[in-house]
Protein chains: 2
Amino acid sequence: MEETRTRSGAGRAALRAAAAEAVPPSALEIVRTRSLSSLVAQELERMILAGTLAAGERLNEQSLATRLGVSRGPVREAVRGLERSGLVVAVRNQGSYVRQVSAEEALEIYDLRAAITGLACARLAEAATPAQLGALRALVKRMDEARRAEDAPAYYATNLDFHAALLAHGAGPRTRRLYEELGNELHLFRRRALVEAENMRESNAEHAAMLRAIAAGDAEAARKAGETHIAGGKRRFRATDITTPQPAASKGENGHDAGDPSSPPRPVAGRRGAGRGPRGAA
Amino acid sequence: MEETRTRSGAGRAALRAAAAEAVPPSALEIVRTRSLSSLVAQELERMILAGTLAAGERLNEQSLATRLGVSRGPVREAVRGLERSGLVVAVRNQGSYVRQVSAEEALEIYDLRAAITGLACARLAEAATPAQLGALRALVKRMDEARRAEDAPAYYATNLDFHAALLAHGAGPRTRRLYEELGNELHLFRRRALVEAENMRESNAEHAAMLRAIAAGDAEAARKAGETHIAGGKRRFRATDITTPQPAASKGENGHDAGDPSSPPRPVAGRRGAGRGPRGAA
DNA sequence: CGACTGTCATCTGTCAACAGTTTGCGGCCG
DNA sequence: CGGCCGCAAACTGTTGACAGATGACAGTCG
């Protein structure tokens with residue numbers, strides 16, 4: 001394809017249309033507010049979380065730019081942002097790769113989410129309104145119905161709503177953003193399906209326990225119930241993932257210090273250039 | 001020079017040899033490893049945290065580029081990264097500003113750090129080695145000496161070491177990074193001096209309590225002690241900052257939902273362009 | 001004397017081009 | 001026949017240049 005750098009206007013229009021689809025309120029208005037870089041970043045993040053860009057995959061700037069109908073500049077800026085967010089890792093003169101989250105990191109993220117959920121539950125136990133409690137109860141009830149009907153997708157969706165409501169009422173905006181970012185990182189685990197796997201009965205029983213403690217105004221119990229719930233998810237996650245190194249015995253030296261925080265630049269699958277291969281082939 | 005792309009093989013070997021030899025210090029070698037964008041980002045972050053770029057200050061891309069001796073491209077990429085990190089906020093066609101952290105956000109960050117510290121303490125209570133315990137004890141002892149000598153700077157530095165050691169032994173790399181980022185954000189509070197203000201006696205007593213619980217292997221008590229310590233810092237912070245809205249009475253509706261997560265683009269002080277004024281005037 | 005509008009300089013957003021490096025493939029020598 | 005060298009291509013890193021927008025000053029009208 002030779003349209004690499006010819007008509008950028010058409011491509012941009014395409015991007016605008018794609019971006020406008022998901023947002024009913026205004027059309028070209030968002031373009032006046034958001035810069036191309038941010039739109040590209042949003043789109044890349046969506047692609048990564050949706051799996052269109054798989055974990056470990058290499059990001060070709062030129063290809064992405066052409067695909068989105070923009071120049072390489074905005075793409076580079078967006079990738080830099082995503083790098084800071086921890087969604088991609090970059091190696092100089094080599095390229096950027098969608099980050100791969102190891103099992104250890106996934107478990108660590110579970111711990112963080114547990115702490116945050118516990119924090120929100122404790123806050124909620126101290127200052128929850130009857131309306132908020134009612135909303136949470138309704139969500140638990142909906143999950144129970146989904147569980148009875150064995151409707152896993154519905155349960156999963158409502159579960160997300162429940163946790164979102166928990167954070168919305170019991171935590172500030174910064175905490176919510178952090179929780180969301182951690183959730184996104186969890187999606188980069190090599191087998192993301194594990195993240196969504198849940199034992200509905202066990203899980204919802206824990207939800208109910210959290211709610212009871214919150215309603216009782218027992219901050220300490222609520223915090224613990226929240227932490228336990230996420231720890232349960234972590235346990236179910238670990239039980240499913242056979243390759244996870246169970247820390248079982250070695251309690252002495254918890255060698256957290258080893259290794260890089262982000263996964264190394266291992267090229268993984270996928271070749272880079274086609275060498276001197278025929279470039280005109282269509 | 002016409003040798004642009006002639007002997008890449010020999011040049012490569014030579015460069016590799018040079019790279020292998022000149023490992024210890026840092027020369028122009030870092031430039032070969034890190035990209036300009038990352039270096040600029042690092043420098044900007046340093047400037048922001050050091051106060052060279054004050055909170056609310058506007059970032060002029062051209063000025064920064066000239067000052068750092070690079071083009072605007074790397075600067076823009078770096079700023080995008082810092083924007084994702086939450087250190088700056090950007091408004092389209094208007095510029096980027098060093099983020100201003102409100103009192104509410106600062107308090108929220110304190111809560112998050114408390115949860116993280118509690119997590120690390122609990123982990124440590126379950127799996128701390130005698131060597132780690134000894135190191136922590138030594139730090140507490142050093143702080144006590146600094147307190148007796150009323151050497152606030154020394155106390156502050158050792159306090160940082162103590163918390164760093166806590167995280168290094170009791171948490172994973174992701175947790176440590178998060179803790180550091182939250183600390184950086186705290187530095188963006190309008191009166192950053194408050195963050196560093198500590199009641200040395202009270203603070204170190206809490207350190208000792210944390211250590212006791214960890215040594216006793218009581219994870220729950222250790223977690224609580226860690227949380228209490230940061231909560232104490234939060235309390236001291238709030239007591240000093242008179243403008244903080246004490247949530248005292250209104251327990252009913254905790255309206256966390258209001259407002260943007262990041263401070264608005266308020267232009268704050270500092271004019272932008274000089275208009276059509278005489279530019280040559282000295 | 002106050003409010004409004006026109007004009008302009010500065011800055012950001014974006015694009016296109018240049019330079020350097022890494023990498024794969026083909027050929028050559030041992 | 002295997003390993004090494006050299007070439008070539010693609011890709012990233014960086015720079016410079018161009019358009020659009022923003023904000024402010026200055027003149028003018030009510």
Side-chain angles (χ1 to χ4, degrees), chain A residues 4-9 11-12 15 28 31-41 58-66 68-80 83 88 90-97 265 267 270-280, chain B residues 1-16 19 28 31-40 58-66 68-80 83 88 90-97 265 267 270-281:
Chain A
T4 310
R5 53 179 59 176
T6 44
R7 57 187 180 291
S8 52
R12 191 191 315 187
L15 178 69
L28 185 106
V31 170
R32 200 176 305 283
T33 320
R34 313 278 304 181
S35 74
L36 269 193
S37 309
S38 64
L39 291 178
V40 171
R58 187 166 170 282
L59 301 179
N60 187 316
E61 297 178 358
Q62 183 66 36
S63 166
L64 287 173
T66 305
L68 297 176
V70 298
S71 182
R72 278 180 52 213
V75 172
R76 281 182 63 87
E77 292 179 13
V79 170
R80 278 305 182 287
E83 184 187 1
V88 309
V91 189
R92 172 169 171 119
N93 285 329
Q94 193 172 345
S96 302
Y97 302 84
R271 267 299 185 275
R272 189 155 81 126
R276 67 148 67 179
R279 62 159 170 258
Chain B
M1 47 184 75
E2 55 182 342
E3 65 202 6
T4 310
R5 55 177 58 177
T6 45
R7 57 185 187 298
S8 49
R12 190 195 314 184
L15 285 182
R16 283 204 185 141
L28 180 92
V31 173
R32 201 175 306 284
T33 317
R34 314 276 303 181
S35 77
L36 269 193
S37 310
S38 64
L39 291 179
V40 170
R58 188 167 170 281
L59 300 180
N60 186 317
E61 297 178 356
Q62 184 64 46
S63 167
L64 286 174
T66 305
L68 297 177
V70 296
S71 183
R72 275 181 54 212
V75 172
R76 281 182 63 87
E77 293 179 12
V79 169
R80 277 304 182 288
E83 183 187 2
V88 309
V91 189
R92 173 170 170 118
N93 286 330
Q94 192 171 345
S96 303
Y97 302 84
R271 269 296 185 277
R272 192 156 80 126
R276 68 145 68 180
R279 62 160 170 256

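Naming: A, B, ... by sequence-line order, numbering from 1 per chain. No hydrogens, no waters, no symmetry mates; every other heavy atom, side chains included, goes into these values.
Annotation: salt bridge (Lys or Arg N to Asp or Glu O under 4.0 Å) contacts of B:E61 (sequence neighbours excluded): B:R72, B:R76.
The shortest distance between the side-chain N/O atoms of B:Q94 and the OP1/OP2 oxygens of C:dC11 is not below 4.0 Å. For C:dT14, one of the phosphate oxygens OP1 or OP2 lies less than 4.0 angstrom from a side-chain nitrogen or oxygen of A:S37.
Nearest to the side chain of B:N93, among C:dC15, D:dT14, D:dA21, sits D:dA21. Relative to the side chain of B:R58, the nucleotides C:dT12, C:dT14, D:dT15 differ in distance, and C:dT12 lies closest. Proximity note for B:S71 (side chain, C-beta onward) versus C:dC15, C:dT14, D:dT15: the nearest is D:dT15.
Considering OG of A:S38 and CZ of B:R92, their distance stands at 8.0 Å, rounded to 0.5 Å.
For the pair A:L36 CG and D:dG20 C1', the interatomic distance rounds to 13 Å; values are reported in whole Å. Regarding A:E61, its CD atom lies at a distance of 14 Å from the C1' atom of C:dT21, rounded to whole Å. Rounded to a whole Å, the OH atom of A:Y97 is 9 Å from the P atom of D:dT12. Regarding A:R34, its CZ atom lies at a distance of 18 Å from the P atom of C:dT12, rounded to whole Å. If you measure from atom CD of B:Q62 to atom P of C:dG13, you get 14 Å, rounded to the nearest angstrom. At whole-Å resolution of the value, CZ in A:R80 and P in D:dT12 are 11 Å apart. A straight line from CG of A:N60 to P of D:dG13 spans 12 Å, rounded to a whole angstrom. B:R76 places its CZ atom 14 Å from the C1' atom of D:dA17, with the value rounded to the nearest Å.
Salt bridge status for B:R80 with B:E77: absent, with no side-chain N to carboxylate O gap under 4.0 Å.
The heavy-atom pair separating A:A90 from A:S96 by the smallest distance is CB-OG, 3.6 Å. Residue A:A78 comes nearest to A:V40 through the heavy atom pair CB-CG1, 3.7 Å, listed as atom of the first residue, atom of the second, then distance.
Contact annotation for A:G73: no contact, since no heavy-atom pair falls under 4.0 Å across all strands.
Comparing B:E77 and B:R72, the nucleotide of DNA chain D nearest to each residue sits closer to the 5' end for B:E77.
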